[in-house]
Trainee: 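Mind looking over this structure? Questions follow.
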There are 4 protein chains.
Amino acid sequence: MQAKGSPSKQSSGRTFTESARRAQIVQAAIEVIAEVGYAKTSFVKIAERAGLSSTGMISYHFKGKADLVQEVINEVMRLSAEYMVPRIEAAEDYRGKLRAYIESNIALLEIYPEHLQAVTEVLTNLKGDDPQRIGFAEATRSVMETHEQHMREAQAAGEFREFDAHVMVMAIRGAIDSLVVRAATHPGLDIAACGRELADIFDLATRKTPS
Amino acid sequence: MQAKGSPSKQSSGRTFTESARRAQIVQAAIEVIAEVGYAKTSFVKIAERAGLSSTGMISYHFKGKADLVQEVINEVMRLSAEYMVPRIEAAEDYRGKLRAYIESNIALLEIYPEHLQAVTEVLTNLKGDDPQRIGFAEATRSVMETHEQHMREAQAAGEFREFDAHVMVMAIRGAIDSLVVRAATHPGLDIAACGRELADIFDLATRKTPS
Amino acid sequence: MQAKGSPSKQSSGRTFTESARRAQIVQAAIEVIAEVGYAKTSFVKIAERAGLSSTGMISYHFKGKADLVQEVINEVMRLSAEYMVPRIEAAEDYRGKLRAYIESNIALLEIYPEHLQAVTEVLTNLKGDDPQRIGFAEATRSVMETHEQHMREAQAAGEFREFDAHVMVMAIRGAIDSLVVRAATHPGLDIAACGRELADIFDLATRKTPS
Amino acid sequence: MQAKGSPSKQSSGRTFTESARRAQIVQAAIEVIAEVGYAKTSFVKIAERAGLSSTGMISYHFKGKADLVQEVINEVMRLSAEYMVPRIEAAEDYRGKLRAYIESNIALLEIYPEHLQAVTEVLTNLKGDDPQRIGFAEATRSVMETHEQHMREAQAAGEFREFDAHVMVMAIRGAIDSLVVRAATHPGLDIAACGRELADIFDLATRKTPS
DNA sequence: GATGAATGAGTTTTCATTCAT
DNA sequence: GATGAATGAAAACTCATTCAT
C-alpha cells in the first residue's frame with residue numbers, strides 16, 4: 001500500500017495514476033465541462049478537445065465516465081489545496097484563516113477559472129445517491145473538514161461566537177459556489193472585490209458579538 | 001369564469017384553464033426531477049410517474065422539454081411567493097424581513113421538499129447561455145429583486161450596514177441552495193434549526209456594526 | 001349508382017361527397033401542401049390552416065390521409081378540366097388543341113398556383129405501388145387519355161407525324177410539371193412566356209415534317 | 001495513394017479514402033429510396049438493407065440524413081457524368097450532342113435503374129426552400145449548365161433555331177424524369193425505344209425550321 | 001357534428017462502451 | 001498504446017388515428 005499523493009513508478013516508467021495522456025484528457029475534460037456544462041459534456045467533445053481521434057482512447061485510460069470525472073475533481077482539489085492551504089496556514093488567528101479560506105478560494109477563480117467552474121458543474125449536477133458522490137465526498141472533505149475543524153477550535157478558543165459549524169461551512173461553500181456560477185456568466189465581474197465582500201460577511205457572522 | 005370556448009392554447013403553451021393533465025404532468029415532473037436529478041429526468045420517467053401510456057402525451061401538452069421545465073419553475077415560484085411574500089411583508093423592520101425571507105424559504109423545504117429540490121436541480125444544471133435560463137431569470141427575479149431592493153432601502157434607512165447588496169443576495173441564495181441540496185441527501189437534518197442558524201448568520205452580516 | 005359529378009343530396013341536406021367542412025379542409029390541405037411540401041404536410045398543419053381546433057375533425061370527415069389526398073386531387077382535376085376542356089375543344093384543329101392543352105394547363109398555374117403545385121407535390125411523392133396511386137390514375141387519366149386519343153386521331157388524319165403518342169404525352173406532362181416546380185421556386189418567372197415556348201416545342205415535335 | 005494516417009474526416013463527412021462502410025451505406029440508401037420512395041425511407045430500413053445492427057452506425061458515418069442524401073446524389077451524379085460526358089463529347093455536332101445527352105441519360109436507366117430512380121425521388125421530394133436543395137443544385141448544375149451552354153452555342157452557330165434555352169433544358173429534364181418515374185412502375189417498358197422517341201422529339205423541337 | 005385528449009408506433013440523433021487490429 | 005468501427009440503448013419529438021363526450 002502506498003501513501004496518497006505519491007504514486008509509485010511502474011516498470012513502464014509511467015506513474016500508476018498518471019500518464020501524459022491521462023493528464024491531457026483530464027485537462028480537456030475540465031475545459032469542456034467549464035465551457036458547455038456537465039450535462040452536455042460527452043466523450044466525443046472531450047476527445048475532440050484533446051486532439052484525440054476517437055473516444056476509445058478515453059475509455060482505454062479511464063474505467064468509465066465516473067472515473068474520468070473523479071480524476072477531474074481530484075486534480076482540481078489538488079490544485080486548490082496547493083494554493084489555499086499555505087495561505088490559510090499563514091494566517092495567525094482563526095479570523096484570518098477564515099478570511100484566507102474565502103479569499104484564496106475566490107482567488108482560484110481568477111487563476112484557474114475553468115477548473116473551479118468545472119468542479120462546481122460536476123458537483124451540483126450529481127445527485128446524492130450517485131455512487132460517484134461518495135468518491136467526491138472523500139476528496140472534497142479534506143479541505144472542507146479541516147476548515148470545519150478550525151471553526152470548532154476557534155469557538156473553543158473563544159475567538160468565534162457559538163454557532164453550528166456545519167451550517168456555517170455549508171453557507172460559506174454555497175456562497176462561494178454562487179459566485180463561481182455568477183463569474184461564469186458575468187465576465188466583467190470584479191471577482192476580488194466580491195471575495196472581500198464575502199469575507200466581510202462571514203467575518204461578521206462568525207466573530208464574537210461585542211457585548 | 002371566462003368566455004366559453006376560449007381557453008385556447010397560447011404560445012407559452014398555457015391555457016387559462018390549466019388543464020388537469022398539465023398540472024398532473026408538472027407534478028410528476030417535479031417528483032421525478034427531485035428523485036433522480038435533472039440530468040436523468042426523461043419524458044419516459046415523467047410519463048410513467050404520471051400514469052401516462054406514452055411520452056407523446058407530454059409532447060401533446062407541452063411544446064417541448066423547455067416548456068415543461070419552465071412550467072415546473074413557474075409552479076414552484078408561484079407556490080413560493082404565495083407562502084413567502086405575506087410572511088416577509090408581515091415583518092415590521094428590514095431585519096425582520098430578512099429573517100422572514102430566509103426562514104420562510106427554508107420552511108418551504110419542509111412543506112414542499114420535492115418542489116424546492118426540483119427547482120434547484122433545474123437551475124444548477126442550466127448553463128448561462130441556455131435559452132431557457134432567460135425564461136427562468138424573469139421568474140426568479142421577482143422575488144430576488146424585491147429582496148435586493150429591501151436591502152438597499154434598509155441601508156438607506158440606516159438599518160443595515162453598508163455592503164454590496166448584490167453579493168449579499170447571492171450569498172444568501174447560495175447558502176440556501178446549499179441547504180436544499182444537503183436536505184435532499186440527509187433526511188434526518190433539522191431543517192428549521194438550520195434555517196434559524198442561516199438567519200442568524202445573515203442577520204449578523206447585515207446589521208449595523210455596533211461602534 | 002349515380003353519375004360522377006352529381007352527388008345526390010342526403011336527408012341531412014348535405015351532399016354525399018361534399019360538405020362545407022370537407023371543402024374547407026380540402027382547400028386548407030391544398031394550401032399547406034403547396035406551401036410546405038407533401039412530405040412535411042401533417043393533419044396538425046392542415047387543421048391549423050383550416051381554423052380547426054383538432055385533427056380529429058379531419059379524421060371524422062375523411063377516412064384517412066389517403067382519402068383526403070384523393071379529394072385534393074379530385075378537386076384540382078375538376079377545376080383543371082373545367083378550365084381546360086372548353087379551351088381545347090374550341091380549337092379547330094389538333095395542332096390548335098395541343099397548343100390549347102399546353103397553354104391552358106400553364107395558365108392554370110397563374111389562376112390556381114397553389115392547386116397545381118399541390119397536385120404536382122402529391123403525384124411526384126407517391127410511389128408506383130402505393131394504393132393511392134391507383135385512385136389518382138383514374139382521376140388524372142380522364143384528361144390525359146383524351147389528350148392521347150386526340151394525338152392518335154391527329155396522326156390518323158395525317159395532321160401529326162408518326163410518333164409514340166404515349167411517350168409524347170409523357171414528355172409533355174413532364175415538361176409541364178418541370179415548369180410547375182420551377183414556378184414555385186422562382187416567383188418572378190414569366191409563366192405565360194414559358195407556356196408559349198413549351199407549346200412551340202411540342203408543336204414542332206408533333207407536326208408533319210415538311211418534305 | 002495518400003499519406004498514411006491522414007484520411008481525416010472533413011466537415012463534409014467525406015474521407016479521402018471513402019471507407020467501404022460509407023459506400024455500402026450509400027448503396028443501401030439508393031436501393032431503399034428506389035424501392036420504397038424517399039418519404040418512406042428511414043435509417044432503420046437503410047441499416048437493415050446494409051446489414052447493420054443499428055441506425056447508430058449510419059449516424060456515425062454521416063453527419064445526418066442530409067449528409068447521407070447528399071452523398072447519394074453525389075454518387076449518382078458521378079456515375080452519370082462518367083457515362084454521359086464521353087458520349088456527349090464524342091458527338092460531332094450539337095444536334096448529335098443533344099441526342100447523345102438524352103439517349104445516354106435514358107441508357108443510365110437500364111444500367112443503374114435504382115440510382116436514377118433514387119435521385120429523382122430525392123429531388124422531387126425536396127422543397128425549393130430546403131437547405132439541401134442548394135447542395136444538390138451545385139451538383140446537378142455541372143451537367144445541366146454544360147448542356148444549356150451547348151444549346152446557346154448551337155444557336156449562335158446557326159445550328160439550332162432560336163428558343164429559350166432554359167425552358168428547353170427544363171422541358172428535356174422534365175420529360176426524362178417523367179420517363180424515369182414511368183420506368184419504375186412499368187417494368188416491361190422498352191426504355192431504349194422511349195429514349196429514341198424523346199431524342200426525336202427534342203431534335204425536331206430544336207433544329208432550324210426549314211423555310 | 002365537433003372537440004380535445006389519448007395512443008403507440010415511428011422518426012433522427014447522441015451516447016458510453018467494446019473490440020479487433 | 002492507439003485507432004476507428006460497431007453496438008444497442010436511450011433520448012426528444014411527430015404523426016395519423018381513435019374515442020368518449
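Reminder, nothing fancy here: chain letters follow the sequence lines and each chain counts from 1. Worth saying up front: this structure is predicted, and the values here are computed from it rather than measured.
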Trainee: Hey, does the side chain of D/Arg49 reach the backbone of D/Glu31 with a donor-acceptor pair shorter than 3.5 angstrom?
Mentor: no

Trainee: Testing A/Thr124, A/Leu123, A/Val69 for side chain to side chain contact (heavy atoms under 4.5 Å, CB included) with A/Tyr38, which one passes?
Mentor: A/Val69

Trainee: Any non-hydrogen side-chain atom of A/Arg22 less than 4.5 Å from a side-chain atom of A/Ile25?
Mentor: no

Trainee: Looking at E/dA6, I'd like to know if its phosphate oxygens (OP1 or OP2) sit under 4.0 Å from a side-chain N or O belonging to B/His61.
Mentor: yes

Trainee: In whole angstroms, how far is the C1' atom of F/dA5 from the CZ atom of D/Phe62?
Mentor: 14 Å

Trainee: Are any of the side-chain heavy atoms of A/Phe62 and A/Val26 separated by less than 4.5 Å?
Mentor: yes

Trainee: Check this for me: does any side-chain nitrogen of one of D/Glu48 and D/Lys45 sit under 4.0 Å from a carboxylate oxygen of the other?
Mentor: no

Trainee: For A/Leu52 and F/dA2, what is the distance between atoms CG and C1' respectively, to the nearest whole Å?
Mentor: 9 Å

Trainee: At what distance, to the nearest 0.5 angstrom, does CZ of D/Arg21 lie from CG of D/Leu52?
Mentor: 5.0 Å

Trainee: Below the 4.0 Å mark, does E/dG8 have OP1 or OP2 next to a side-chain nitrogen or oxygen of B/Ser53?
Mentor: yes

Trainee: I'd like to know if the side chain of C/Glu114 reaches the main chain of C/Glu35, judged simply by a donor and an acceptor atom lying under 3.5 Å from each other, with no hydrogens or angles considered.
Mentor: no

Trainee: To the nearest Å, how far apart are B/Lys40 NZ and F/dA9 P?
Mentor: 18 Å

Trainee: Quickly work out the A/Asp67 CG to E/dA16 P distance and round it to whole Å.
Mentor: 14 Å

Trainee: Rounding to a whole Å, what distance do you find between B/Met57:CE and F/dA12:C1'?
Mentor: 16 Å

Trainee: Could you tell me the separation between the CD atom of B/Glu48 and the P atom of F/dA12, rounded to a whole number of Å?
Mentor: 12 Å

Trainee: Within the structure provided, determine whether D/Ile30 and D/Glu75 are in side-chain contact (heavy-atom separation under 4.5 Å).
Mentor: yes

Trainee: Using the closest heavy atom to pick a nucleotide of DNA chain F for each, name whichever of B/Lys45 or C/Lys45 lands nearer the 5' end.
Mentor: B/Lys45

Trainee: Taking Watson-Crick and G-U wobble pairs with both distances under 3.5 Å, convert DNA chain E into its dot-bracket string, 5' to 3', dots for unpaired and | for cross-strand pairs.
Mentor: .||||||||||||||||||||

Trainee: What integer distance in Å separates D/Ile58:CD1 from F/dT7:P?
Mentor: 11 Å

Trainee: Look at the side-chain N and O atoms of A/Arg21 and state whether any lies under 4.0 Å from the OP1 or OP2 oxygen of F/dA2.
Mentor: yes

Trainee: In the 5'-to-3' direction, what one-character label does each nucleotide of nucleotides 16-21 of chain F receive under the scheme B = base within less than 4.0 Å of a protein heavy atom, S = sugar-phosphate only, - = no such atom?
Mentor: SBB---

Trainee: Could you state the atom-to-atom distance from CD1 of B/Ile46 to P of F/dC13 in whole Å?
Mentor: 11 Å

Trainee: So do C/Leu68 and C/Ile46 actually touch side chain to side chain, heavy atoms under 4.5 Å?
Mentor: yes

